[in-house]
Amino acid sequence: MEKNEVIKVEKKGLKTAGDRYIDTLSKEAEIVMNGMGLELKPEVKNALFNLGLACEKTLKDKGITWEQVNKDGLPSTLLYYAQLNLNPANKELYILPYKSGDKYVLNFEESYLGKQKKVKKFSADKLIDATAFVVREEDLYEPEIDILGGDSLRYKPKPFSTKKIIGAVCFLRYEDETRNRIVEMSLEELNQVKEASKQKMGGKLSPAWSKWESEMYKKAVLKRALKDVQIEVPVEYQNAYMSTEEIDNSNYDLDFEEKKTVVIETTEEEPVIEEVKVEKNDSKIIEFE
């Protein structure tokens, strides 16, 4: 070995803190749900994995580590959205970290796409779709209200328009067309929702409102429209959600990566010492070239 040669330390098989968090949560959830006679279905496990990836990416983008995250109540939140199969990668769910004391809290905001997906899945009246959109100046929007025969509309937006938003609309479409309904909100009403959200956040707009205002307008009108949609959540989902409280209360902790000093013998008189991150109680995952 040449003097001053750089020795590479390759970490093979190391899981990230987020991976291990989701692994631990899956195991805990499975134990609790099995005790209640329930099954943690493969699709829920897969959804948990996707949520873990999304959390990992969000924290990395913000320069936050998992050690800085307050995980109180996080297990039930993750399992809840995994059961609904809301995927941040499909813009169905936003993950928004907030600083609280010396820790960060992960806040989850359903997008209008997420709310659409949830309601269509559990609608008691066979809702086919709930379409929300904003109307801008110069867009063609012609609603036709028919209480007995079902509402209908014509909507043709100006391509790539940046004109002022004047309102938002949600169109509820059912298998029974006589139930079709239009729900509208004016810009004034939308801004009232925005202001209420601002007051709730202590006088500051949330990142969702700051970055995705038009999406939040859609969410506002969709939320109003869905108030009248009857939802029937299957008993298995209700029981599975009840199990999350037990998971929250189990107070399990996670073994995050910790530093260990690794001594690599060389042909030189003095050894080369490097610090690498390894998992606890695992001495087999460090390999040297």
#### Entry: Worked check of side chain to side chain donor-acceptor pair (under 3.5 Å) between Tyr217 and Asn191
CA-CA 9 Å; Tyr217 283 159; Asn191 284 334; 3.0 Å; yes
### Query
Between Ser210 and Ser206, is there a donor-acceptor pair closer than 3.5 Å when you use the side chain of the first and the backbone of the second?
yes
### Message
Exactly one of Arg181, Arg173, Arg179 should register a salt bridge (charged side-chain N to carboxylate O under 4.0 Å, His left out) with Asp125. Which one does?
### Response
Arg179
### Task
To the nearest 0.5 angstrom, please state how far the OG atom of Ser26 sits from the CZ atom of Phe49.
10.5 Å
### Message
Apply side chain to side chain contact (heavy atoms under 4.5 Å, CB included) to residues Lys126 and Asp176 and explain how you reach the verdict.
### Response
CA-CA 8 Å; Lys126 297 181 180 179; Asp176 178 2; over 6 Å; no
#### Entry: Check: Asp151 side chain, Asp146 main-chain N or O, donor-acceptor pair, under 3.5 Å
yes
### Query
So with a 6.0 Å cut-off around CD of Gln230, is the heavy-atom count from everything else above 12?
no
## Note on the structure
Rounded to the nearest 0.5 Å, the CG atom of Asn87 sits from the CG atom of Leu113 at a distance of 11.5 Å
### Query
Between Lys27 and Glu30, is the closest basic N to carboxylate O distance under 4.0 Å?
no
### Query
Quick one: does Val229's side chain get under 4.5 Å of Tyr174's, heavy atoms only?
yes
### Query
So, do Val135 and Val169 sit near enough that their side-chain heavy atoms are less than 4.5 Å apart?
yes
### Summary
In short, salt bridge (charged side-chain N to carboxylate O under 4.0 Å, His left out) pairs touching residues 80-105 with sequence neighbours left out are Glu92-Lys117
### More than 12 heavy atoms from other groups under 6.0 Å of CD1 on Ile147
no
### Query
Transitively linked via ILVMFWY side-chain contacts under 4.5 Å: Tyr81 with Val69?
yes
### Message
Could you tell me if the side chain of Pro97 sits less than 4.5 Å from the side chain of Thr58, heavy atoms only?
### Response
yes
### Task
First locate atom CD of Gln83, then atom CG of Leu78, and finally report the distance between them rounded to the nearest 0.5 Å.
11.0 Å
### Task
Report the relative orientation of the aromatic rings in Tyr94 and Trp212; use parallel for angles under 30°, tilted for 30 to 60°, perpendicular for over 60°.
parallel
### Separation of Gln116 CD from Ser111 OG (nearest 0.5 Å)
8.0 Å
### Message
Using the rule that Ile, Leu, Val, Met, Phe, Trp and Tyr join whenever any side-chain heavy atoms are under 4.5 Å apart, tell me whether Leu84 and Ile95 fall into a single cluster.
### Response
yes
### Message
Could you check whether any side-chain N or O of Ser123 sits under 3.5 Å from a backbone N or O of Lys120, counting only pairs where one atom can act as donor and the other as acceptor?
### Response
no
### Message
With a 3.5 Å distance limit and no angle check, can you tell me whether Ser161 reaches the backbone of Pro157 through a side-chain donor-acceptor pair?
### Response
no
### Query
Which atom names give the shortest non-hydrogen contact between Leu106 and Cys55, and what distance separates them?
CD1-SG, 4.0 Å
### Salt bridge present between Lys164 and Glu137 (N-O < 4.0 angstrom)
no
### Task
Mark yes or no for whether Asp139, through its side chain, and Lys158, through its backbone, hold a donor-acceptor pair below 3.5 Å.
yes
### Task
In plain terms, say whether Lys219 and Glu109 are close enough for a salt bridge, that is, a side-chain N and a carboxylate O under 4.0 Å apart.
yes
### Message
Between Leu172 and Asp129, does the side chain to side chain contact (heavy atoms under 4.5 Å, CB included) criterion hold? Intermediate values first, please.
### Response
CA-CA 6 Å; Leu172 301 175; Asp129 205 358; over 6 Å; no
## Note on the structure
Separation between NZ (Lys115) and CG (Leu226), nearest 0.5 Å, reads 7.5 Å
### Task
Compare every heavy atom of Ala168 with every heavy atom of Val221, then report the nearest pair and how far apart it is.
CG2-O, 3.7 Å
#### Entry: Any Ile22 side-chain heavy atom under 4.5 Å of Leu51 side chain
no
### Message
Side chains of Lys45 and Lys41, heavy atoms from C-beta outward: is any pair under 4.5 Å?
### Response
no
### Query
At what distance, to the nearest 0.5 angstrom, does NZ of Lys211 lie from CE of Met216?
13.0 Å
### Query
Are Glu213 and Lys194 within salt-bridge range, i.e. N to O under 4.0 Å?
yes
### Minimum heavy-atom distance Leu222-Ala130, with the two atoms named
CD1-CB, 3.8 Å
### Query
Within a reach of under 6.0 Å around CD of Gln68, are more than 12 heavy atoms found that belong to other residues, nucleotides or ligands?
yes
### Query
With a 4.5 Å limit on heavy-atom distance, are the side chains of Ser100 and Asn70 in contact?
no
### Task
Determine yes or no for a side-chain-to-main-chain donor-acceptor pair under 3.5 angstrom, with Lys121 supplying the side chain and Asn85 the backbone.
no
### Pro143 vs Glu184 side-chain heavy atoms within contact, under 4.5 Å
yes
### Query
So, are Lys57 and Asp61 salt-bridged, with charged N and O less than 4.0 Å apart?
yes
### Task
Check the hydrophobic clustering (I, L, V, M, F, W, Y; side-chain heavy atoms under 4.5 Å; chains of links allowed) and say if Leu74 and Leu48 are grouped together.
yes
### Task
Show your working on side chain to side chain contact (heavy atoms under 4.5 Å, CB included) between Ile165 and Ser214 and close with a plain yes or no.
CA-CA 8 Å; Ile165 293 174; Ser214 62; 4.1 Å; yes
### Message
Please give me the minimum heavy-atom distance between Ala82 and Val44, naming the atom from each residue.
### Response
CB-O, 3.8 Å
### Query
Where does the angle between the aromatic ring planes of Tyr141 and Tyr155 fall among parallel (under 30°), tilted (30 to 60°) and perpendicular (over 60°)?
perpendicular
### Query
Any side-chain heavy atom of Tyr104 sitting closer than 4.5 Å to one from Thr65?
no
### Query
Hey, quick one: are Leu96 and Leu59 part of the same hydrophobic cluster, counting side-chain heavy atoms closer than 4.5 Å, chains of contacts allowed?
no
#### Entry: Verify same cluster id: Phe171, Ile166 (apolar side-chain graph, 4.5 Å)
yes
